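Notes follow once the structure below has been shown.
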Amino acid sequence: MMDKIFRLEHVSKLYGGDQDRAAELLQQGVDKETVLRETECTAALWDINLEISRGEIFVIIGLSGCGKSTLLRCLNRLQEPTSGAIFFDDENILGFNSHQLRQFRRAKLAMVFQSFGLFSHRDVLSNVAYPLEIQGMPKQAREEQAKKYLQMVGLSQYEHTLCQSLSGGMRQRVGIARALCSDAEVLLMDEPFSALDPLVRADMQFELLQLQRKLNKTIVFITHDIDEAFKLGDTVAIMRDGRIIQVATPVEMSRNPQDDYVKKFIDSADRTKVLTAEDIMTTPASLIKITDTAEYALHEMKIYGLSSVYVVDGKLRLKGILLLNDAVELHRSHKPISEEVLKEVSKISRTQSINEFINLVAETPYPVAVVDEDNMLQGLITRASVLSSIG
């Protein structure tokens, strides 16, 4: 079981109108628009129950107005829930007084905004160091820490540049460095890359994943882009009309969408970036050992209708592949299999996405081997298995 850093129980946020009557209707399953029409109450969130694990990227996705940004802002109480409980490390933050809340925000959380949220009159270094400034850290100490994170996001040479003169991607890097500089446990990211052009956006997604591998922060990330959600998210939650529809890993959600609404989202995603070799690999119909005879290899190929067969040692470590024509020649000459095994074979790891190896599979005349870090054969990828998975 992963350590849960956030736990939300029956969290709702209602605005205006007859909220008691609205809650009754929502409890009955009445849709958001009908509730608004009958009670003049807007249900921004209704009965949200979810858990966020420490160290994961938890992505919340949905169309505009679904409540995803409201939900994010409830996590730091920039917006107060109407009802429910929000636990951080098993402590209900809705019970915090103003002093406790201020300390919680300063020490535990950092936020990255879509609009960057930088001070235009300050240079890059002082923007990044700002969270430490409000914590009272001396100037030299906070600037040394800020420089470390500027180097991490590749902006060391821009320390004394005014933020307004930077490109959009560079300003967003400054925003991320500022959030990291506070050494907060959780980063709250509200559609941080949506204002960037596609190429810069792809770069920033890669940068975020690289930073996460180094720092292992808990990240709650808001987006309306399913490809971005599946690329970044360890866990993805889909929202509609203030409700959580499904929470799952990208692969689980792709395989088993909760309903037609989720399926419609999934259908618009690039599945080659979601599914991995492990998801589509097949068990080899036959394997032969490096010590077997060519006669046995031909026998196996005939039984299973194969034109090639992978060769392993006694511990299933991959030694190569034997092709049908080569096996025939070996049988005629009574030579050992080791003389004709193709040792330079195409190999991939089980964690690689289809997008990373699809060209290799298309260009390789035989199934591609999936191996682990010890070169042990795990499975095979065929053109048919790739096509069936993305069709």
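In this text, all values refer to a predicted model and were calculated from it rather than measured experimentally. For the single chain, residues carry numbers from 1 onward in sequence order.
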Test your reading of the model: is there a side-chain donor-acceptor pair from [X] to the backbone of [Y], 3.5 Å cut-off?
| X | Y | value |
| --- | --- | --- |
| Gln378 | Met376 | yes |
| Thr82 | Leu14 | yes |
| Thr364 | Val361 | no |
| Gln103 | Ser98 | no |
| Asn256 | Ser254 | no |
| Lys217 | Gln212 | no |
| Gln172 | Pro192 | yes |
| Thr223 | Asp225 | yes |
| Glu356 | Ser353 | yes |
| Glu91 | Phe88 | no |

Is [X] salt-bridged to [Y], cutoff N-O under 4.0 Å?
| X | Y | result |
| --- | --- | --- |
| Arg255 | Glu252 | no |
| Glu329 | Arg332 | yes |
| Arg201 | Glu228 | yes |
| Asp203 | Arg173 | no |
| Lys68 | Asp190 | no |
| Glu133 | Arg122 | yes |
| Arg54 | Asp89 | yes |
| Asp241 | Lys32 | no |

Assess Arg7 against Phe87: is NZ or CZ under 6.0 Å from the centre of the six-membered ring, and within 45 degrees of the ring's axis?
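Output yes; distance and angle both within limits.
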Under the 6.0 Å and 45° cation-pi test, does Lys13 pair with Tyr15?
yes
Check whether more than 12 heavy atoms from other residues, nucleotides or ligands sit under 6.0 Å from atom [atom1] of [X], and answer yes or no.
| X | atom1 | result |
| --- | --- | --- |
| Gln157 | CD | yes |
| Gln135 | CD | yes |
| His121 | NE2 | yes |
| Gln210 | CD | yes |
| Asp260 | CG | no |

I'd like to know whether Val368 forms a side chain to side chain contact (heavy atoms under 4.5 Å, CB included) with Lys347, so could you lay out the CA-CA distance, the side-chain angles of the two residues, the decisive distance to 0.1 Å, and finally the verdict.
CA-CA 6 Å; Val368 173; Lys347 297 183 289 186; 5.9 Å; no
With the 4.5 Å side-chain cut-off for hydrophobic clustering, are [X] and [Y] part of the same group?
| X | Y | value |
| --- | --- | --- |
| Val200 | Leu232 | yes |
| Phe193 | Leu166 | yes |
| Ile134 | Val128 | no |
| Val311 | Leu377 | no |
| Ile321 | Leu330 | no |

Any side-chain hydrogen bond (donor to acceptor under 3.5 Å, both in side chains) involving residues 333-344? Give me the pairs, sequence neighbours left out, ordered by first then second residue.
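Residue pairs passing side-chain hydrogen bond (donor to acceptor under 3.5 Å, both in side chains), neighbours aside: none found.
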Filter on ring-ring contact (aromatic ring centres under 6.0 Å, His included), then keep only pairs touching residues 123-170, sequence neighbours left out; what's left?
Phe119-Tyr130
Once you measure the plane-to-plane angle for Tyr261 and Phe265, does it fall in the parallel (<30°), tilted (30-60°) or perpendicular (>60°) bin?
perpendicular
Please check if any side-chain donor atom of Ser156 sits under 3.5 Å from a side-chain acceptor atom of Gln151, or the reverse.
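Their side chains do not contain a donor-acceptor pair, so the 3.5 Å distance test is not met.
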Among side-chain atoms of Glu56 and Thr235, is any donor-acceptor pair under 3.5 angstrom?
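Checked: Glu56/Thr235 side chains pair up, N/O donor to acceptor below 3.5 Å.
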For a 4.5 angstrom cut-off between non-hydrogen side-chain atoms, does Ser194 reach His224?
yes
So how far is it from Asn127 CG to Arg171 CZ, rounded to the nearest 0.5 Å?
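Taking CG in Asn127 and CZ in Arg171, the distance rounds to 11.0 Å.
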How far does CZ of Arg240 sit from CG of Leu63, to the nearest 0.5 angstrom?
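If I round to the nearest 0.5 Å, the distance is 8.5 Å.
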Salt bridge (charged side-chain N to carboxylate O under 4.0 Å, His left out), paired with Glu185, selected from Arg105, Lys108, Arg106:
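The single option meeting the salt bridge (charged side-chain N to carboxylate O under 4.0 Å, His left out) with Glu185 is Lys108.
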